[in-house]
Amino acid sequence: MDPVRNPYAPGAGQRPPELAGRDRELKQFEVVLERVARGRPERSMIVTGLRGVGKTVLLNAFRSQAIQRLWGTGKIEARPDQSIRRPVASALHRAVRELAPRHRAPDRIEEFLGVLKAFAQAEPEPSGKGKARVHRWQPGIDVPAARGRADSGDLEIDLTELFVDAASVATDVGVGIALFVDEMQDIPADDVSALCAACHELSQVGGPLIVVGAGLPHLPAVLSASKSYSERLFRYARIDRLDRESADFALLAPAEREKVTFTEDALDALYGAADGYPYFVQAYAKVVWDVAPDTPITADDIKVAAPEAESELAVGFFGSRYERATPAERDYMRAMAMLGDDPVPTASVADELGRKPSSLSPARDGLIKKGLIYSAERGLVAFTVPHFGKFLRSQPA
């Protein structure tokens, strides 16, 4: 088979050739966009799931839907050690620039940009030990910073005022603004609280600005711990592995466009290997395409390709994450793996290691911060990466 014509795309956040099994979520977001456009009350949207299920891909698909409706859009990727003030400022700057050519009052745009610049610069930076804190960052906005609006230094107050003003600009144009936040669980705790408060204010005033987040399965708990009303503030969509029909379609549709097909036995073997996880489907299919001599692709081709696909996953998908962990954290994960693939009690992990649970808190917290495990509920932990336990059990001690 010609590798140049290989249609499969196992990349991080890279859209597969066929976005299978996500029609329900796409339709839900279409409803959100339509309701906001009509001035109807609507909640912002949160997508959660394990690594490799296609959260970022779906987030980008949502953004494409918003762009098709001529909305202003911006996207950020949260980091645990970074405030969202500057990333949000940059994202909203881009969103408003998309709307500016259609706005009838350039002065209104400049007025908002002045507020946006003030918001961006309201986070002081240390200028050195014992010296006053000064503003150094320049957001690239060619208007004077406004005063008295979104510049208090309190992110909750500033973000709320900024969102209200951005929504007002969108209202002038007759559209909306969508802010997309990937890895949302990594937003610092105080910033999560500020973001929820700003969204809450918008939901009360009916402003056409929505926040669309994607994150790991414990993201709803992170939001709830920040603001109790967050459970009612967002529309949640949990995505998981593909069912058999969707997984087959993800394989067959792009192949048939290249006049290639799979035997039924090959589809059985691929679903068994990939277990329906979108990233794995693409990873196995890409290798199988390259090693198969001709169409139709058979179960024998899958047998030949599987070791290479698994080797690539072991290095790129599993191994790269494992290498980020400290020796103590690796011991903790190996103990989790020995207890099975479902969420496991932290007390059982301690028993497996012959340690007191309190002594393992640093390792557990470090793994959570690195996004390798998450707390499914109080007292339970689970891997953020599907099949990670299986990978660890296959590794030498």
Side-chain angles (χ1 to χ4, degrees), residues 13 15 19 22-47 54-78 84 87-106 108-113 115-116 119-120 139-141 150 159-184 195-196 198-215 233-237:
R15 183 179 177 122
L19 187 55
R22 302 301 182 222
D23 291 346
R24 180 174 65 90
E25 289 78 17
L26 292 170
K27 287 177 182 175
Q28 282 181 342
F29 190 63
E30 193 65 37
V31 169
V32 170
L33 292 174
E34 184 63 27
R35 285 180 59 83
V36 172
R38 295 187 181 190
R40 303 277 184 174
E42 189 51 83
R43 292 171 291 173
S44 292
M45 192 164 178
I46 300 292
V47 176
K55 301 184 298 297
T56 300
V57 169
L58 190 57
L59 203 66
N60 291 336
F62 288 164
R63 188 176 183 183
S64 294
Q65 287 178 288
I67 290 172
Q68 288 170 8
R69 286 176 167 267
L70 302 179
W71 280 40
T73 67
K75 183 183 174 186
I76 70 172
E77 181 175 319
I84 61 170
V88 165
S90 296
L92 287 183
H93 188 199
R94 174 170 181 169
V96 170
R97 286 205 316 267
E98 292 173 356
L99 302 182
R102 288 176 276 142
H103 203 288
R104 294 182 179 180
R108 283 275 290 125
I109 297 295
E110 288 199 3
E111 179 183 338
F112 173 76
L113 290 178
V115 172
L116 182 62
F119 170 84
I141 299 174
L159 196 60
T160 299
E161 293 180 348
L162 183 72
F163 276 8
V164 169
D165 287 3
S168 178
V169 171
T171 300
D172 294 343
V173 185
V175 293
I177 288 175
L179 174 63
F180 297 89
V181 185
D182 205 359
E183 302 292 349
M184 194 171 181
L195 185 63
C196 288
C199 289
H200 192 212
E201 178 66 21
L202 278 173
S203 69
Q204 294 177 70
V205 301
L209 188 153
I210 57 173
V211 174
V212 187
L233 193 59
F234 299 100
R235 179 194 289 249
Y236 292 96

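Residue indices begin at 1 and follow the sequence shown.
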Within 6.0 Å of CZ in Arg40, more than 12 heavy atoms from elsewhere: no
For the student: nearest non-hydrogen atoms of Lys75 and Ala91, plus distance: N-CB, 3.9 Å
Side-chain heavy atoms of Leu59 within contact of Val47, under 4.5 Å: no
Close side-chain approach of Val205 to Phe163, heavy-atom, < 4.5 Å: no
Check: Glu201 side chain, Val164 main-chain N or O, donor-acceptor pair, under 3.5 Å: no
Exercise: identify the closest heavy-atom pair between Ala78 and Met184: CB-CA, 4.5 Å
Spacing of NE2 belonging to His93 relative to CG belonging to Leu116, to within rounding of 0.5 Å: 6.5 Å
Test salt bridge (charged side-chain N to carboxylate O under 4.0 Å, His left out) applied to Glu42 - qualifying residues, sequence neighbours left out: Arg35, Arg235
Side-chain heavy atoms of Leu58 within contact of Leu26, under 4.5 Å: yes
Distance (rounded to the nearest 0.5 Å) between Arg22 CZ and Lys55 NZ: 10.0 Å
Least distance between heavy atoms, Arg43 atom then Leu233 atom: CB-O, 3.3 Å
Thr171 side chain to Ala167 backbone, donor-acceptor under 3.5 Å: yes
Reported CD1-to-CG distance for the pair Ile109 and Leu99, which is rounded to 0.5 angstrom: 7.0 Å
CA sep, side-chain torsions, deciding dist, call: Trp71, Ile210, side chain to side chain contact (heavy atoms under 4.5 Å, CB included): CA-CA 11 Å; Trp71 280 40; Ile210 57 173; 3.9 Å; yes
Audit row: Arg69, Glu34, salt bridge (charged side-chain N to carboxylate O under 4.0 Å, His left out) steps and yes/no: CA-CA 9 Å; Arg69 286 176 167 267; Glu34 184 63 27; 2.7 Å; yes
Atom pair CZ/NE2 of Phe234 and His200 - distance to nearest 0.5 Å: 10.5 Å
From CA spacing to verdict: side chain to side chain contact (heavy atoms under 4.5 Å, CB included), Asp172, Arg104: CA-CA 8 Å; Asp172 294 343; Arg104 294 182 179 180; over 6 Å; no
Heavy-atom pair with the smallest gap, counting every atom of Phe180 and Phe62: CE2-CB, 3.7 Å
Check: Arg15 and Asn60 side chains under 4.5 Å, non-hydrogen atoms: no
Expected output: side-chain Arg102 to main-chain Leu70 donor-acceptor under 3.5 Å: yes
Closest heavy-atom pair and its distance - Leu159, Leu195: CD2-CA, 3.7 Å
Taking every non-hydrogen atom, the tightest pair across Ala237 and Met45: CB-CE, 4.1 Å
Gap between atom CD1 of Ile177 and atom CG of Leu202 - 0.5 Å precision: 10.0 Å
Reported CD-to-CG distance for the pair Gln28 and Leu33, which is rounded to 0.5 angstrom: 12.0 Å
